[in-house]
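Here the structure comes first, spelled out in structure tokens, and everything after it is commentary.
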Amino acid sequence: MNLHHLLKTRAAAGKPVRVVLIGAGKFGSMFLSQVPHTPGLEVPVIVDLDRDRAREACRTVGWDDARISATTFTDDGARAIAGGAFDVVVEATGNPAVGIRHARAAIAAGKHVVMVNVEADVLAGPLLAEEARKAGVVYSLAYGDQPALTAEMVDWARATGFRVVAAGKGTKYLPAYHDVTPDGVWQHYGLTAGEAQSAGMNPQMFNSFLDGTKSAIEMAAIANACTLDVPSEGLLFPPCGVDDLPHVMRPRDKGGVLEKSGIVEVVSSLERDGRPVFRDLRWGVYVVLEAPNDYAADCFKQYGLKTDASGRYAAMYKPYHLIGLELNISVLSAALRNEPTGQPRGFRGDVAAVAKRNLRAGETLDGEGGYTVWGKLMPAAASLAAGALPIGLAHRVKLKSDVAHGAVVRWSDVEVDESNDTIKTRKAMEQAFSR
């Protein structure tokens, strides 16, 4: 509750918080829109493969010509990280390999890292966070995205003495979505292909949200940051509105759907027959908590909390997330308080590639949201025991074995380049955190 005060103090001292933004897509653009309205925060360098697009993004979000002229636009992330006086690197590319490389460069340069790139975080975040801690800098999840917002609610619940029963987010889900490909994605968003194309919308990226992959990635990030468990058989996506969270999101032996307490889960905004859930949480995050005693349970009732029938389980939720519009919280928390807004503390959840159809040897996988695989949340120990191929490495790799529809793709099913830096980083993370 003091970030704004701390920022004003820095600004008054002539020492603004300076940020290098890598990736000027939607998340990055939303962050940039807030910069002119945040005295004491500056973005002197923007890195993007398309520098002209990045300049245009700045114009679109309201930057004036003077601010744009004073900004360096480059496509060389390594040089940008090594070259300037700044406090924080925001990695918002969405490419796991690139994100890991940028994070390590920032840590080596003594800079804080805000990892918008949750794909990279789930692939190797526990190792990156440990490297940052040893270097005396912050590695942080990105506030505004669901993992950091959920981690904040989990921390609030635990710090106030409540037991966390479940935590996660809402999304639009039906079981059939796991097999949807980019060719069929727009009908589920109520758009035609032409409308989506004219709006510059990427079908594979949007499909990764629909087919369950992004939900799995975000829940793995939450589990790793909050030391929560993940469902042993993957996410259930139970239909559930906000009023029913305490009833549905409790252990099975208490009348709910969870296999146990202390777990991540995603709730669907659709009933299984496609009808909308009443008061859904499609855009929000939640935590279900348990009263530690009868007195606290009585207080739940006295202060109007929605509870289950026993009165012991209650929920808190945030109905929306504003992604890049809220990213300042992470940037300022790292730069001014030396604190992350959530970071991996262990390796609890992993996301494995699963075949969307019968795949044949010789085919090339095309990663999250594509035509070949979707990402399934698994306990990290189970993923490692099965030799599951992480979804973040299931792009542009060739199959050497057939994989049946619905089966987990394994390392042994694909041609692996053991000299690849991203693969070596992932293997190092597994070795360090699977003990």
Short question: side chain of S215, backbone of G212 - any donor-acceptor pair under 3.5 Å?
no
Partners of F162 by ring-ring contact (aromatic ring centres under 6.0 Å, His included), sequence neighbours excluded?
F300
Counting N and O atoms only, with roles assigned by atom type, does the side chain of S333 sit under 3.5 Å from a partner on the main chain of E339, one being a donor and the other an acceptor?
yes
Take L289 and M316 through the side-chain contact (heavy atoms from CB on, under 4.5 Å) test and state the conclusion after the steps.
CA-CA 8 Å; L289 46 98; M316 296 293 282; 4.1 Å; yes
Are a donor atom and an acceptor atom from the side chains of S140 and T341 found within less than 3.5 Å of each other?
yes
Going by atom types alone, do T181 and R357 pair a side-chain donor with an acceptor below 3.5 Å?
no
side-chain contact (heavy atoms from CB on, under 4.5 Å) for L377 and V264? Distances and angles first, verdict last.
CA-CA 10 Å; L377 182 64; V264 295; 4.1 Å; yes
Between R59 and I68, is there a donor-acceptor pair closer than 3.5 Å when you use the side chain of the first and the backbone of the second?
no
Can a salt bridge be assigned to the pair R104 and D421 using a cut-off of 4.0 Å between side-chain N and carboxylate O?
no
Interatomic distance, CG@L21 vs OG1@T93, rounded to 0.5 Å, equals 10.5 Å
Atom NE2 of H321 with >12 non-hydrogen neighbours under 6.0 angstrom:
yes
Atom pair CD/CG of E91 and N117 - distance to nearest 0.5 Å:
4.5 Å
Which pair of non-hydrogen atoms, one from L3 and one from I329, has the smallest distance, and what is that distance?
CD1-O, 3.9 Å
So which atom in E119 and which in P96 form the shortest heavy-atom distance, rounded to 0.1 Å?
CB-CG, 3.8 Å
If we count only N and O atoms by modelled type, under 3.5 Å, do the side chains of E363 and T372 hold a donor and an acceptor together?
no
So does A54 get a backbone contact from the side chain of D48, meaning a donor-acceptor N/O pair under 3.5 Å?
no
Would you indicate whether K26, at its atom NZ, is surrounded by more than 12 heavy atoms from other residues, nucleotides or ligands within a distance under 6.0 Å?
no
What do you reckon, is CZ of R79 surrounded by more than 12 foreign heavy atoms closer than 6.0 Å?
no
Judged by atom type as modelled, is there a donor-acceptor pair below 3.5 Å linking the side chain of N224 to the main-chain atoms of A220?
yes
For the atom pair NZ (K376) and OG (S383), what is the distance rounded to the nearest 0.5 Å?
11.0 Å
Determine, for E56 against R53, whether the closest basic-nitrogen to carboxylate-oxygen distance falls under 4.0 angstrom.
no
When you measure from the side chain of W411 to the backbone of A388, do you find a donor-acceptor pair of N or O atoms at a distance under 3.5 Å?
yes
Within residues 395-412 or reaching into it, pairs that qualify as salt bridge (charged side-chain N to carboxylate O under 4.0 Å, His left out) - sequence neighbours excluded:
R360-D402
Looking at E42 and R18, does any basic side-chain N land under 4.0 Å from a carboxylate oxygen?
yes
Report yes or no: does K111 contribute a side-chain atom to a donor-acceptor pair with the main-chain N or O of F86 at less than 3.5 Å?
yes
Answer yes or no: is there a side-chain heavy-atom contact under 4.5 Å between V138 and N338?
yes
Distance-only donor-acceptor check, side chains T74 and D76, under 3.5 Å:
no
Check the surroundings of atom CZ in R163: do more than 12 heavy atoms from other residues, nucleotides or ligands lie under 6.0 Å from it?
no
Looking at K356 and D211, is any side-chain nitrogen of the basic one under 4.0 Å from a carboxylate oxygen of the acidic one?
yes
Testing the basics here: between K306 and P246, what is the closest heavy-atom pair and its distance to 0.1 Å?
O-CG, 3.3 Å
Check whether more than 12 heavy atoms from other residues, nucleotides or ligands sit under 6.0 Å from atom NZ of K254, and answer yes or no.
no
Within a 6.0 Å radius of atom CG on L325, are there more than 12 heavy atoms belonging to other residues, nucleotides or ligands?
yes
Shortest non-hydrogen separation from D308 to R250 and the atoms involved
OD2-NH1, 2.7 Å
Pairs where residues 106-148 contributes a residue and the test ring-ring contact (aromatic ring centres under 6.0 Å, His included) is met, not counting sequence neighbours:
none
Under 3.5 Å, is there a donor-acceptor pair between the side chain of E130 and the main chain of F433?
no
Taking only Lys NZ, Arg NE, NH1 and NH2, and the carboxylate oxygens of Asp or Glu, determine whether K134 and E131 approach each other closer than 4.0 Å.
no
Hey, is NE2 on H405 packed in by over 12 heavy atoms from elsewhere, all under 6.0 Å?
yes
Using modelled atom types and a 3.5 Å cut-off, is there a donor and acceptor pairing between side-chain atoms of E265 and backbone atoms of L236?
yes
side-chain contact (heavy atoms from CB on, under 4.5 Å) for R279 and D244? Distances and angles first, verdict last.
CA-CA 9 Å; R279 284 175 41 83; D244 293 325; over 6 Å; no
Ring-plane angle category for Y173 and Y177, please: parallel below 30°, perpendicular beyond 60°, tilted otherwise.
perpendicular
Apply the test side-chain contact (heavy atoms from CB on, under 4.5 Å) to residues N207 and Q204: give CA-CA distance (whole Å), side-chain angles for both, the deciding distance (0.1 Å), then the verdict.
CA-CA 5 Å; N207 197 44; Q204 184 160 344; 5.5 Å; no
State whether the side chain of N420 and the backbone N or O of T422 hold a donor-acceptor pair below 3.5 Å, judged by distance alone.
yes
Ignoring hydrogens, what is the shortest heavy-atom contact between F347 and A380? Give both atom names and the distance.
O-CB, 3.3 Å
Any idea which heavy atoms bring H37 and S33 closest together, and the distance?
CD2-O, 3.2 Å
Flag the pair E430 and R426 as a salt bridge only when some basic side-chain nitrogen lies within less than 4.0 angstrom of an acidic carboxylate oxygen.
yes
